[in-house]
Chemist: 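One structure, pasted below without further comment.
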Amino acid sequence: MTSPTQHPHTPAPDEPIGYDPALVERTWREKWAQRASNQPDIAGCARPYYALMMFPYPSAEGLHVGNLFAFTGNDIFARFQRLIGHTVFEPIGFDAFGIHSENYALKVGAHPMELIPKNIANFTRQLTRAGLMVDWSRTVDTTHPSYYKWTQWVFLQLFKRGLAYRKKAAVNWCPSCKTVLSNEQVEGGHCERCTTLVEQRAMEQWFFRITDYAPRLLANLDTLDWSASTKAAQRNWIGRSDGAEIRFRILNPLEDAGSAAVHATSEVASGISEVTVFTTRPDTIFGATYLVLAPEHPLLDLITSADQQAAVDAYRTRSAHQDIVTRKTNKEKTGAFTGAYATNPATGGLIPVCTADYVLMEYGTGAIMAVPGHDERDFAFAAKFELPIERVVAGPDQTARTPLTEAFTDDAGAVLCNSERFDGFPVDEAKAAIAAWLEEKHAGKAVVNYRLHDWCISRQRYWGPPIPIIYCDDCGPVAVPEKDLPVVLPNIADFTPDDSGVSPLARHEEWYRVPCPSCGKKARRETDVSDTFLDSGWYFLRYPSVGHDDVPFDATITKKWLPVNSYIGGNEHAVLHLLYSRFLTMVMYDAGHVHFEEPFTTFRAHGLIIRDGAKMSKSKGNVVNPDEYIEEWGADTFRTYLMFLGPFEEGGDFRDAGISGVKRFLDRVWASVRDASATDEPDQAVMRKLHQTIKKVGDDVPVLAYNTAIAAMMEYVNVLRSGERKPRRAEVEPLVQLMAPFAPHIAEELWQMLGHDISVFDSGWPAFDAARLAGGTVKIAVQVNGKTRGMVVVAEGADESTVYAAALADAGIAKFVTGEPTKRVFVAGRLLSLVL
RNA sequence: GCCGGGGUGGCGAAACUGGUUAGACGCGAGGGACUUAAAAUCCCUUGGCCGAAAGGCCAUCUGGGUUCGACUCCCAGCCCCGGCACCA
């Protein structure tokens, strides 16, 4: 293989060979490819290790430094696992469906089916250049029919089990762009592109019943070895709250004629007799002074009185027009009175029923009992609409009559008041006591609620896998038979969303007109596509089985390789991607398709690489392209440098100051190996440092402390070469193995230079000899009255009196010891503390 | 507001479960060697203040506390980053 000349000069025959990263890296890329070095024996290996990293979205701009930081961190971990004897599978793929790709394609006027392969080719080039130990024979492209065939299969598994259902739900709608917008595309209530006011539109959409799995998704977290922050985010998102559902009787004015405030209307007489609310504060029921129903609450029309109907209608129209984001961020309270009243089951008093958009239909029962005295939102609403505010909880320095100028919510040491027989109960006790009391009266019961919502998977867009359902007038929604999968996404020229609000596929009759698979009558396909999170929710199951095209994942292989041993990715996916993956895995487990409930045994979130204080993004113009760095410094230097920047799990600001230090380190290692003496005996002090370094690197890499592992190797090289000494072969050989995960190309080259003909990655990990870690002596710090006054050098294992004697023998220390110590603290091998 | 993670030299950062005179490693800076010169390489110095030196004092966001001993633990507060947020 000839290479273009990249040297300014041709080295003289006797000049020592210098380190040429471009040459070394090209050589080893080629050798790895020829030898299929990165393709594990999936079926036959004895110690499989599945090192997964989150697959990227292949953007048109190519890989950026943030991606490479994450992938390198995973690669080091994976290569280390290989060195300690595992057969490691490190796959990668491309998450290429979705609104990102689609919008980009629309913007540049190209078709995603043309753009995506180009982007993937570019990513593949960059990832290969970075020296990742990726098995390129088993990649996944979510937009390829051979993959999304099985994404559709996954949908059908849920459909079959009753976990996929249709319901009307609101989407953001831009009346000017005439398209559905994701929440991220709405900025302050306006379309991010044309600034038109965004509205809500209700559409029939497919949902997955992830809420059925909420208790399991929450409970299993305790068994997972995951970054604490990720688990916390999941717990938060699932949002368990313990409370009670309480039934409030709605006053029927015909029956209860005579109640002064109520006007009889026929509507209220229509048989509706109660509204159920959810509360986490049943203890405050004596302070519930009104009820609020969400504007979408189904009972709202039935209880609204004739004279309030117009006001309620107007309010409901108004909130329907507001986009979802603004509605949830606008804290200014709005609402309308329904004209109806309810009976507070605790006090027996009549309280008004209102509607307001600060109550959300999708949480709890869509209705609340308002306790303005002890809830900030209710307080704000009551103050604005002049509703009564009662105190029913008093803090340690308050009484039942202390005025409320704001909601009092501090439960610490607080007790109930104005609550009849429950007066004086501490809040916690009162919650249970009142819940039990209401249950006795058949007015309520304790319940657990989750904040988690069902997963809406419908997208009224083009660039995704068609949802494999056929609608028949007689049979209803029918699953596409598995033998007919995939439902291929047609290559249509005009995939622009239009004012119909449905997917562009709905404009293609030739595509969606099909016979019903069940009865054969004329029917039509679902024209929505599915969410990208469905594509990425199961990809880890596919990787080891790539090539087995008759099944989504082969049973034997899956048994061998899954669950994933380690998963590394960004915390931006802490919630959705990881939660959906766990959910789908549980469903697969329940359906008997896999033998485990949790897909990722260990998960570590890497830090975020930012630039100038902001996350890298093209719009901010702060994206760093790794190509130029790799070009200039080589992949090994750049990889090592990225990891040397700081703790992997913390990330940080990218800057290139200091990259030369890492290159210098590799140069020094190169020279050390090249010049190592094969005949001279290794130096004992150097060997001690070597064994300390082996221990340090071996301890640090498994916990992703890459920065300190690199520092330890640098320190060793400083010792190795100090005083311009000539290293010995036994001193450098293990170093090559230590550095291999970080700088794989140069490590292979040096390993070969040392005369080995197998890959350094098949050479094992050097063992350290505990006996060689320490020398014969230790340095002990001596403190006098808490200040360190000096060090004494004593034999290892020296006892207190020996050290004490040595300390007094040291003039620098002894001058501070002006009397007999009243106390001596001795920590063997570390310090002696004298108190006078 | 709630939940995570952080605040240590000019800069990125080290410091094991409270214990070897805090700042390893690297960048930058200063000085030196080699060179006609430069680059590269190698060597030395580099937290601050006082001092000629010996040496001393101060120093890990701030203020308290526990301890023989605190970057590390406790209490109170300030600031930065990330996520969630009218979830009843």
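So that the names make sense, note that chain A is the first sequence line, chain B the second, and so on, each numbered from 1.
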Chemist: For B:G10, measure the glycosidic angle (O4'-C1'-N9-C4 for a purine, O4'-C1'-N1-C2 for a pyrimidine) and name it syn if it falls within 90° of 0, otherwise anti.
Modeler: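 For B:G10, whose glycosidic angle is more than 90° from 0, the conformation is anti.
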
Chemist: Using the side-chain hydrogen bond (donor to acceptor under 3.5 Å, both in side chains) rule, take A:Ser229 and A:Asn571 through it: C-alpha gap first, then chi angles, then the decisive distance, then the call.
Modeler: CA-CA 8 Å; A:Ser229 58; A:Asn571 240 350; 3.0 Å; yes

Chemist: Check every strand shown and say whether A:Arg655 touches a base, only sugar-phosphate, or nothing at a heavy-atom separation below 4.0 Å.
Modeler: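 If one applies the 4.0 Å heavy-atom cut-off, A:Arg655 turns out to touch the sugar-phosphate alone, with no base involved.
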
Chemist: Looking at A:Thr409 and A:His374, would you say the former's side chain and the latter's main chain have a donor-acceptor pair under 3.5 Å?
Modeler: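 Between the backbone of A:His374 and the side chain of A:Thr409 there is no qualifying donor-acceptor contact (under 3.5 Å).
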
Chemist: Mind checking who B:A88 pairs with, Watson-Crick or G-U wobble, both distances under 3.5 Å?
Modeler: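 Its partner: none found.
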
Chemist: Which is true for A:Gly786 with a 4.0 Å heavy-atom rule: it touches a base, it touches only sugar-phosphate, or it touches nothing?
Modeler: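 A:Gly786: backbone/sugar contact only, no base atoms under 4.0 Å.
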
Chemist: Please compare A:Leu608 and A:Ala232 by the position of their nearest nucleotide in RNA chain B and report the one closer to 5'.
Modeler: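 The residue whose closest nucleotide sits nearer the 5' end is A:Ala232.
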
Chemist: With a non-hydrogen cut-off below 4.0 angstrom, is A:Lys333 in contact with a base, only sugar-phosphate, or nothing?
Modeler: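 Base: the residue A:Lys333, judged by heavy atoms under 4.0 Å, touches a nucleobase.
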
Chemist: Sticking with atom C1', work out how far B:G10 lies from B:G47, rounded to a whole angstrom.
Modeler: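 To the nearest whole Å, 10 Å.
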
Chemist: Taking the six-membered ring for Trp, are A:Phe644 and A:Tyr706 closer than 6.0 Å centroid to centroid?
Modeler: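 When the ring centroids of A:Phe644 and A:Tyr706 are compared, they turn out to be at least 6.0 Å apart.
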
Chemist: Please give the distance between the P atoms of B:C71 and B:C58 as a whole number of Å.
Modeler: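 The same atom, P, in both gives a distance of 14 Å.
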
Chemist: What distance, rounded to whole Å, do you find between the two P atoms, one in B:A24 and one in B:U36?
Modeler: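 Going atom to atom, P in each nucleotide, I get 37 Å.
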
Chemist: Considering just the side-chain nitrogens and oxygens of A:Asn707, establish if one lies under 4.0 Å of OP1 or OP2 belonging to B:A14.
Modeler: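 For A:Asn707, the contact criterion (side-chain N or O under 4.0 Å from OP1 or OP2 of B:A14) is met.
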
Chemist: Under a 3.5 Å cut-off for both contacts, is B:G51 paired Watson-Crick or G-U wobble with anything, and if yes, with which nucleotide?
Modeler: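 Checking every strand shown, B:G51 finds no partner, since no pair has both distances under 3.5 Å.
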
Chemist: Across all strands, who's sitting opposite B:A33 as a Watson-Crick or G-U wobble pair, both distances under 3.5 Å?
Modeler: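 Checking every strand shown, B:A33 finds its partner in B:U41, with both distances under 3.5 Å.
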
Chemist: Need one value for A:Glu715: base, sugar-phosphate or nothing, where a base atom within 4.0 Å counts as base even if backbone is also close, heavy atoms only.
Modeler: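 Sugar-phosphate, backbone atoms only, no base.
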
Chemist: Is the distance from OP1 or OP2 of B:A88 to the nearest side-chain N or O of A:Ser241 less than 4.0 Å?
Modeler: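 For B:A88, OP1 or OP2 has a side-chain N or O of A:Ser241 closer than 4.0 Å.
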
Chemist: Without swapping roles, check the side chain of A:Tyr19 against the backbone of A:Lys663 for a donor-acceptor pair under 3.5 Å.
Modeler: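 Pair absent, no side-chain N/O of A:Tyr19 close to backbone of A:Lys663.
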
Chemist: Contact class for A:Ser229 (heavy atom, under 4.0 Å): base, sugar-phosphate, or nothing?
Modeler: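 Sugar-phosphate, no base atom in range.
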
Chemist: A:Asn449: which residues meet the side chain to side chain donor-acceptor pair (under 3.5 Å) condition with it, sequence neighbours left out?
Modeler: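 Per chain and number, A:Asn449 pairs via side chain to side chain donor-acceptor pair (under 3.5 Å) with no residue.
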
